[in-house]
There are 2 protein chains.
Amino acid sequence: MAPRARSPRVPSSSRARILAAASAEFAARGFDGAGVDRIARQAVVNKAMIYYHFASKAALYREVLRDMFCAAGERVRAIASREIPRAAKVREFVAALAAEAERRPHFPPIMLRELAEQGRHLDPETLRLMHVMPATLRSILRAPTGGREAGVPDPFLTYCSLLGPVMFFFASAPVRTRITRLGLAQVDGPPLADFVAYMQRTAMRLMAEGSGAARPLRRARSSRRRHAQRPRP
Amino acid sequence: MAPRARSPRVPSSSRARILAAASAEFAARGFDGAGVDRIARQAVVNKAMIYYHFASKAALYREVLRDMFCAAGERVRAIASREIPRAAKVREFVAALAAEAERRPHFPPIMLRELAEQGRHLDPETLRLMHVMPATLRSILRAPTGGREAGVPDPFLTYCSLLGPVMFFFASAPVRTRITRLGLAQVDGPPLADFVAYMQRTAMRLMAEGSGAARPLRRARSSRRRHAQRPRP
DNA sequence: CTGTGCTAACTAACCGGTTAGTTAGTCCAT
DNA sequence: ATGGACTAACTAACCGGTTAGTTAGCACAG
């Protein structure tokens with residue numbers, strides 16, 4: 001009798017709860033800022049339980065990242081393989097980015113943080129997963145279109161122009177809320193549907209390259225060179 | 001004689017060195033990841049010296065942020081007040097963002113991180129400084145243009161579409177380098193000048209709104225609602 | 001009894017911040 | 001001029017709280 005809620009012996013829902021809590025914590029605080037104790041409390045789990053399921057904080061983080069990039073990657077790949085015109089694929093691509101960001105609110109902040117972090121926590125495998133999105137967009141843009149749409153826009157720059165705003169829009173929401181609350185300005189932004197529509201129109205405009213491209217827009221590395229040099233070894 | 005290098009009594013170059021080291025450290029590791037000891041070592045300064053010049057790690061961080069947003073804010077404000085056509089101002093705005101990111105390589109990562117961090121380290125004053133950029137773009141776009149250029153593009157969405165890619169482009173450089181080095185793909189991106197030219201063309205295209213805007217693209221808050229709920233108070 | 005799911009309690013290291021003290025210069029009263 | 005009061009700039013050593021990670025063991029299903 002008194003059948004305990006959350007019985008043991010079931011193939012452990014705790015693992016899933018840990019992952020969910022971890023993804024929230026990592027998104028909100030970053031890898032270094034995240035506390036394993038806090039994750040445990042949020043998942044209603046003993047800290048040792050985390051180390052029972054995952055080798056380390058870093059391994060847990062990697063798991064969260066891979067889940068995320070896997071989901072996003074598969075989503076866009078599915079679009080690329082559909083039998084629709086190139087322009088439609090690009091529109092779908094944009095919608096997919098936004099939908100993924102909506103469904104997993106932790107995706108944009110974690111992605112932005114990883115960029116800022118210079119990929120310090122990204123092993124090659126995760127890096128590969130992260131690269132699926134731009135690679136897929138590239139394949140969409142480069143695929144033969146049956147004579148139509150002459151100029152192929154630069155895949156990388158197009159990726160920047162689409163992903164950048166989407167990540168920015170979602171990740172900036174909390175800060176914008178604070179700015180609005182402080183009365184500094186009214187920047188809550190449009191509803192999601194309007195934003196997506198706007199980004200899709202933007203994407204279409206970006207594809208209307210044709211002339212104006214001037215240089216090939218490839219090759220050569222920018223002359224930037226800087227960033228923290230180590231104190232000494 | 002033997003005039004000591006770095007004599008005391010001079011208004012302390014150490015403060016500047018600390019700020020420089022801190023900005024690099026905060027950009028590379030984030031607020032939580034940054035180590036005061038590491039900043040001290042990098043600035044060739046005793047740790048206590050940091051607490052002599054700054055009240056706390058947080059205060060030091062705020063100083064770094066304010067420097068950055070001040071510089072960027074003044075730069076774009078200068079553009080807004082020039083006597084040139086609206087389109088030229090927007091092009092200059094884009095160039096200014098890129099130039100600022102180039103001159104202060106720590107700016108993009110810190111900005112992205114602060115967004116991801118939900119502005120946890122941003123006091124109202126810093127938030128205000130951060131808001132100067134979008135507010136200025138808005139004033140540029142909304143200003144009377146002498147009859148020309150009928151449709152005013154949405155200032156906030158335009159800001160997303162410009163700042164997003166620029167931050168993304170700069171902040172992603174180290175990760176892209178890693179991807180390229182790993183042989184996953186060739187994503188070093190175009191030289192800076194080409195990128196700026198591309199973004200300026202993009203900006204021009206975004207301003208050619210006119211039709212297609214459908215809805216007003218304002219008001220109403222998106223139905224998103226999620227994010228970490230506290231464990232309990 | 002055995003292995004799986006789980007936990008309380010612990011440890012070792014790290015890190016933000018402090019403290020008590022030194023050095024080298026300025027200012028000024030005599 | 002000079003010596004003493006004062007201060008900015010700087011340092012070594014330390015402290016206490018936090019945190020990633022460990023351990024030893026309990027409970028129960030099969």
Side-chain angles (χ1 to χ4, degrees), chain A residues 1-26 28-65 117 120-121 228 230-231, chain B residues 1-26 28-65 117 120-121 228 230-231:
Chain A
M1 69 252 32
R4 215 178 310 80
R6 183 175 64 79
S7 78
R9 226 73 298 250
V10 293
S12 179
S13 69
S14 47
R15 202 190 129 94
R17 284 207 315 281
I18 291 169
L19 275 172
S23 124
E25 174 79 359
F26 284 131
R29 310 247 190 179
F31 181 79
D32 293 300
V36 177
D37 290 287
R38 214 158 15 210
I39 293 173
R41 217 175 22 191
Q42 205 153 330
V44 199
V45 141
N46 187 286
K47 178 162 68 148
M49 204 54 225
I50 290 177
Y51 288 95
Y52 177 75
H53 285 292
F54 304 92
S56 64
K57 184 185 179 184
L60 172 58
Y61 186 61
R62 233 169 315 160
E63 198 73 20
V64 168
L65 287 189
E117 207 84 15
R120 182 175 312 126
H121 311 290
R230 294 283 159 68
Chain B
M1 64 239 48
R4 213 180 314 78
R6 183 175 65 76
S7 75
R9 228 70 302 244
V10 294
S12 180
S13 68
S14 49
R15 202 191 131 96
R17 284 205 316 279
I18 291 170
L19 275 171
S23 125
E25 174 79 358
F26 285 131
R29 311 245 188 182
F31 181 78
D32 294 299
V36 176
D37 291 286
R38 217 163 9 216
I39 293 173
R41 218 176 20 193
Q42 205 152 331
V44 200
V45 142
N46 186 287
K47 179 163 64 151
M49 206 53 225
I50 290 178
Y51 289 95
Y52 175 76
H53 285 293
F54 304 92
S56 65
K57 186 186 180 183
L60 173 57
Y61 185 62
R62 235 170 326 188
E63 198 72 21
V64 168
L65 287 189
E117 208 85 13
R120 181 172 316 127
H121 310 290
R230 292 284 159 69

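Only a predicted model underlies this, so the values are computations on that prediction, with no experimental measurement involved. Side chains included, hydrogens not; waters and symmetry mates left out as well; all remaining heavy atoms used. Just so it is clear: chains get the letters A, B, ... in the order the sequence lines come, proteins before strands, and each one is counted from 1.
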**Message:** Just the rounded figure in Å: distance from P of D/dT23 to CE of A/Met49.
**Reply:** 17 Å
**Message:** Without decimals, in angstroms, what is the distance between A/Phe31 CZ and D/dT19 C1'?
**Reply:** 12 Å
**Complete:** When rounded to whole Å, the OH to C1' distance for the pair B/Tyr51 and D/dC10 reads 16 Å
**Asked** Does B/Ser14 place a side-chain N or O at less than 4.0 Å from the phosphate oxygens OP1/OP2 of D/dC10?
**Response** yes
**Prompt:** Out of curiosity, A/Gln42 CD to A/Ile39 CD1, how far, rounded to the nearest 0.5 Å?
**Reply:** 8.0 Å
**Message:** Under 4.0 Å, counting only non-hydrogen atoms across every strand here, what does A/Ala34 touch: a base, just sugar-phosphate, or nothing?
**Reply:** sugar-phosphate
**Message:** Please report the distance, rounded to the nearest Å, between NZ in B/Lys57 and C1' in D/dT18.
**Reply:** 13 Å
**Prompt:** D/dA8 P sits how many Å from B/Phe54 CZ, rounded?
**Reply:** 16 Å
**Prompt:** For DNA chain D, whose closest nucleotide is more 5', that of A/Ala48 or that of A/Gly33?
**Reply:** A/Gly33
**Prompt:** Which class fits the ring pair A/Tyr61 and A/His121: parallel under 30°, tilted 30 to 60°, perpendicular over 60°?
**Reply:** perpendicular
**Message:** Counting C-beta onward and ignoring hydrogens, is there a side-chain heavy-atom pair between B/Val64 and B/Glu25 closer than 4.5 Å?
**Reply:** no
**Base C/dG17 paired with B/Lys47 side chain (donor-acceptor, <3.5 Å)** = yes
**Message:** Under a 3.5 Å distance rule, please check whether A/Arg120 uses its side chain to pair with a backbone N or O of B/Arg29 as donor and acceptor.
**Reply:** no
**Message:** Nearest whole Å is fine: how far is C/dC10 P from A/Asn46 CG?
**Reply:** 14 Å
**Request:** To the nearest Å, give me how far apart CD1 (A/Ile50) and C1' (D/dA20) are.
**Result:** 11 Å
**Asked** Looking only at side-chain N and O atoms, does B/Tyr52 come under 4.0 Å of OP1 or OP2 in D/dA9?
**Response** yes
